[in-house]
Student: 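Mind looking over this structure? Questions follow.
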Amino acid sequence: MAKKRVCLVVAYDGTNYHGWQVQNNAVTIESELNRCLSELLGENIEVIGASRTDAGVHALGNVAVFDTEARMPAEKISYALNQRLPEDIRIQNSGEVAADWHPRHCRSRKTYEYRIYRGQFPMPVKRLYAHFTYHQLDVEAMRRAAVYLEGEHDFRSFCQTGAQVESTVRTIYEVAVEEQGSDLVIRVCGNGFLYNMVRIIAGTLMEVGQGKRTPESMQAVLAATDRTAAGPTAPANGLMLIKYEFLENSLDSEKTL
């Protein structure tokens, strides 16, 4: 029987998982997808993910593909798979794509949001989805700093030390800092991201907001191409992958959100 390639748009609460990628002796989003798909389709399934989110990071629309010989129509797999998955992982869409289509080998735009809850004390219902701070943040200074990150740059300063990548050059289309009531949201859209890049951007912008560094210092941070020049890596719970926009024919995660 001929194989077909199926694309999944996957939403998840990453709180209880050790990130996306399969790990020995740890439960991950990928391992749960593999387990449930293999049980559902009666064959060994290993998905290929578009973004390998870290432990504790959430997603509204990560993307994964897999090959199968199953007769089940691709668009029906989402319904059947959601009956087997844990309730903190849900498929938002499924469909067939070209046999050679790969989510990491085509042009795309990825959007992440980092959420900060500002208050005198932590808010329990926000603890899993926003980073709490009691510090006063200068939002306008953070916005001025964010502008320096837009465009094509070498983001080595914003990459966790030891990451194995061919190039640390990325293009950032937008870095927006928005107030949503007591929450402050840092939205970053780009063609790709390095390991911990958005969390390091968030940590550095928070230092600007606290007056620990000037907005203009972002130029020197970029020029240094040195992780020690940037701020701390912000905690994972505030980060969410919002959407993928593929610039080539594919199942677009944005369509389901």
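Note that the numbering runs from 1 along the sequence shown for the chain.
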Student: When rounded to the nearest 0.5 angstrom, what distance separates CG in L85 from CD1 in I29?
Tutor: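 Going from the CG atom of L85 to the CD1 atom of I29 covers 9.0 Å.
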Student: Check whether R127 reaches the backbone of H131 with its side chain - one donor and one acceptor, N or O, closer than 3.5 Å.
Tutor: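 Checked: no pair found.
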Student: Pairing donors with acceptors under 3.5 angstrom, does anything connect the side chains of K110 and S108?
Tutor: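 Per modelled atom types, K110 and S108 side chains form a pair under 3.5 Å.
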Student: Just by distance, do the side chain of E43 and the backbone of E69 share a donor-acceptor pair under 3.5 Å?
Tutor: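 Pair found, side chain donor or acceptor close to backbone of E69.
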Student: How long is the straight-line distance from CD1 of I48 back to CZ of R104, given to the nearest 0.5 Å?
Tutor: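 CD1 of I48 is found 7.0 Å from CZ of R104.
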Student: Same cluster or not: L40 versus L8, using hydrophobic residues (I, L, V, M, F, W, Y) connected whenever any side-chain heavy atoms lie under 4.5 Å apart?
Tutor: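 Yes, because L40 and L8 connect within a single hydrophobic cluster, where side-chain heavy atoms sit under 4.5 Å apart.
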Student: Will you find, in the side chains of T168 and D154, an N or O donor that is under 3.5 Å from an N or O acceptor?
Tutor: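 Yes, side-chain donor-acceptor contact under 3.5 Å.
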Student: Run the salt-bridge test on R144 and E140 with the 4.0 Å N-O cut-off and return the result as yes or no.
Tutor: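 Looking at R144 and E140, the cut-off is not met.
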Student: State the CD1-CZ distance between I172 and F158, to the nearest 0.5 angstrom.
Tutor: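 Result: 10.0 Å between the selected atoms.
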Student: The test is side chain to side chain contact (heavy atoms under 4.5 Å, CB included); show your working for R118 and Y134 and say whether it passes.
Tutor: CA-CA 6 Å; R118 300 168 296 173; Y134 59 85; over 6 Å; no
Student: Less than 4.5 Å apart, side chain to side chain, heavy atoms only: is that true for K3 and T68?
Tutor: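 No - every pair of side-chain heavy atoms lies 4.5 Å or more apart.
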Student: On the ring face of Y173, is R109 found with NZ or CZ under 6.0 Å from the centre and within 45° of the axis?
Tutor: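 Here R109 passes the 6.0 Å and 45° test against Y173.
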Student: Is it the case that more than 12 heavy atoms not belonging to Q180 sit under 6.0 Å from its CD atom?
Tutor: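 Check passes, neighbour count above 12.
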Student: Could you go through R156 and T161, starting from their C-alpha distance and side-chain angles, then the distance that decides it, and tell me whether this counts as side chain to side chain donor-acceptor pair (under 3.5 Å)?
Tutor: CA-CA 9 Å; R156 186 177 300 275; T161 304; over 6 Å; no
Student: Are the side chains of W101 and F246 in touch, meaning some heavy atoms are under 4.5 Å apart?
Tutor: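 Yes; the side chains approach each other to less than 4.5 Å.
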Student: How about CD on E75, more than 12 heavy atoms from neighbouring residues, nucleotides or ligands closer than 6.0 Å, or not?
Tutor: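 Yes, CD of E75 has more than 12 neighbouring heavy atoms, counting only those of other groups under 6.0 Å.
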Student: For residues L149 and L222, determine if any side-chain heavy atom of one lies less than 4.5 Å from a side-chain heavy atom of the other.
Tutor: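 L149 reaches L222 side chain to side chain.
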Student: Check the pair R5 / D67 against salt bridge (charged side-chain N to carboxylate O under 4.0 Å, His left out), numbers first and verdict last.
Tutor: CA-CA 4 Å; R5 177 156 288 193; D67 296 324; 2.8 Å; yes
Student: So R187 and E178, salt bridge (charged side-chain N to carboxylate O under 4.0 Å, His left out) or not? Walk me through it.
Tutor: CA-CA 8 Å; R187 182 179 302 109; E178 298 181 358; 2.7 Å; yes
Student: Enter the distance from T204:OG1 to R199:CZ here, rounded to the nearest 0.5 Å.
Tutor: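 Output value for this atom pair is 12.5 Å.
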Student: With heavy-atom distances below 4.5 Å as the criterion, would you say the side chains of V208 and T214 are in contact?
Tutor: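 Result no, sub-4.5 Å side-chain heavy-atom pair not found.
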Student: To check you understand the geometry: which heavy-atom pair defines the closest contact between C106 and P103, and what is its length?
Tutor: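 Between these two residues, the closest heavy atoms are SG-O, 4.1 Å.
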Student: Evaluate the side-chain proximity of Y17 to T53: yes if any heavy-atom separation is below 4.5 Å, no if none is.
Tutor: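 They are not in side-chain contact.
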Student: Measure from the side-chain N and O atoms of H58 to the backbone N and O of G14, and report whether any donor-acceptor pair falls under 3.5 Å.
Tutor: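 Indeed, once roles are kept as given, a pair shorter than 3.5 Å links the two residues.
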Student: Of all the heavy-atom pairs spanning S94 and S78, show the shortest one and how long it is.
Tutor: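 Taking every non-hydrogen atom into account, OG-N, 3.1 Å.
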Student: Under 3.5 Å, side chain of R90 to main-chain N/O of P86, donor-acceptor pair present?
Tutor: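 Side chain of R90 to backbone of P86: a pair is present.
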Student: Are side-chain heavy atoms of H153 and Y148 found at a separation under 4.5 Å?
Tutor: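 Not in contact.
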Student: Please answer whether the main-chain N or O of A141 pairs with a side-chain N or O of D138 as donor and acceptor at a distance below 3.5 Å.
Tutor: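 It does hold such a pair.
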Student: Which atom names give the shortest non-hydrogen contact between G203 and A234, and what distance separates them?
Tutor: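 Residues G203 and A234, closest heavy atoms: N-CB, 4.0 Å.
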Student: What heavy-atom pair brings G231 and E207 nearest, and what distance separates the two atoms?
Tutor: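 Closest approach of G231 to E207, heavy atoms only: CA-OE1, 3.7 Å.
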Student: So do V139 and E179 actually touch side chain to side chain, heavy atoms under 4.5 Å?
Tutor: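 Counting from C-beta outward, E179 and V139 do come under 4.5 Å.
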Student: Where the side chain of E113 meets the backbone of I242, is there a donor-acceptor pair that is under 3.5 Å apart?
Tutor: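 A pair under 3.5 Å: no.
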Student: In sequence, state the C-alpha distance, the side-chain angles, and the governing distance for Q210 and L137, and then conclude on side chain to side chain contact (heavy atoms under 4.5 Å, CB included).
Tutor: CA-CA 5 Å; Q210 294 173 32; L137 297 176; 3.7 Å; yes
Student: Rounded to the nearest 0.5 Å, what separation is found between the CG atom of L194 and the SG atom of C159?
Tutor: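 These two atoms lie 4.5 Å from each other.
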Student: Tell me if a side-chain donor or acceptor on E30 pairs with a main-chain N or O of V22 at a distance below 3.5 Å.
Tutor: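 Yes, because the side chain of E30 sits within donor-acceptor range (under 3.5 Å) of the backbone of V22.
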Student: With F193, which of Y112, Y244, F155 fulfils ring-ring contact (aromatic ring centres under 6.0 Å, His included)?
Tutor: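 Between F193 and the candidates, ring-ring contact (aromatic ring centres under 6.0 Å, His included) is satisfied uniquely by Y112.
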Student: What's the verdict on side chain to side chain contact (heavy atoms under 4.5 Å, CB included) for L33 and Y12, showing C-alpha distance, side-chain angles and the deciding distance?
Tutor: CA-CA 11 Å; L33 289 172; Y12 49 87; over 6 Å; no
Student: Could you state whether Y129 and V57 fall into the same hydrophobic cluster, counting links through intermediate Ile, Leu, Val, Met, Phe, Trp or Tyr residues with side-chain heavy atoms under 4.5 angstrom apart?
Tutor: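 No, because Y129 and V57 fall into different hydrophobic clusters, even though each may have its own neighbours under 4.5 Å.
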Student: Taking the side chain as C-beta and beyond, is there a heavy-atom pair between N237 and L128 under 4.5 Å?
Tutor: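 When only atoms from C-beta onward are counted, L128 and N237 do not touch, as no gap falls below 4.5 Å.
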Student: Strictly distance-based, threshold 3.5 Å: is any side-chain N or O of N34 a donor or acceptor partner for the main-chain N or O of V47?
Tutor: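 Between the backbone of V47 and the side chain of N34 there is a qualifying donor-acceptor contact (under 3.5 Å).
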Student: Taking L37 as the starting point, is it possible to reach M72 by hopping between hydrophobic residues whose side chains are less than 4.5 Å apart?
Tutor: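 Yes.
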Student: Taking R143 for its side chain and V177 for its backbone only, find out whether a donor-acceptor pair lies under 3.5 Å.
Tutor: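 Yes.
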Student: Between S38 and N44 (side chain of the first, backbone of the second, donor and acceptor by atom type, cut-off under 3.5 Å), is there such a pair?
Tutor: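 Looks like no, no N/O pair under 3.5 Å.
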Student: If you look at every heavy atom in W20 and S51, which pair is closest and at what distance?
Tutor: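 Heavy atoms of W20 and S51 come nearest at CG-O, 3.7 Å.
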Student: Atom CD of E46 and atom OG of S31: how far apart are they, to the nearest 0.5 Å?
Tutor: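 Rounded to the nearest 0.5 Å, the CD-OG separation comes to 11.5 Å.
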Student: Are I45 and V27 linked, directly or through other ILVMFWY residues, by side chains that come within less than 4.5 angstrom of each other?
Tutor: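 Yes, it is one cluster - the side chains of I45 and V27 are joined through contacts under 4.5 Å.
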Student: Ion pair present between K4 and E96, side-chain N to carboxylate O less than 4.0 angstrom?
Tutor: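 No, this pair does not count.
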Student: Could you walk me through whether E152 and R170 pass salt bridge (charged side-chain N to carboxylate O under 4.0 Å, His left out), step by step?
Tutor: CA-CA 6 Å; E152 183 179 86; R170 296 292 186 273; over 6 Å; no
Student: Taking all heavy atoms of V221 and all of S157, pick out the closest pair and write down the distance.
Tutor: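 Closest pair (atom of V221, atom of S157, distance): O-OG, 2.6 Å.
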Student: Walk me through whether L205 and I186 qualify under side chain to side chain contact (heavy atoms under 4.5 Å, CB included).
Tutor: CA-CA 9 Å; L205 289 179; I186 300 170; 3.9 Å; yes
Student: Same cluster or not: are Y117 and V198 linked, directly or through other Ile, Leu, Val, Met, Phe, Trp or Tyr residues, by side-chain heavy atoms under 4.5 angstrom apart?
Tutor: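 Different hydrophobic clusters.
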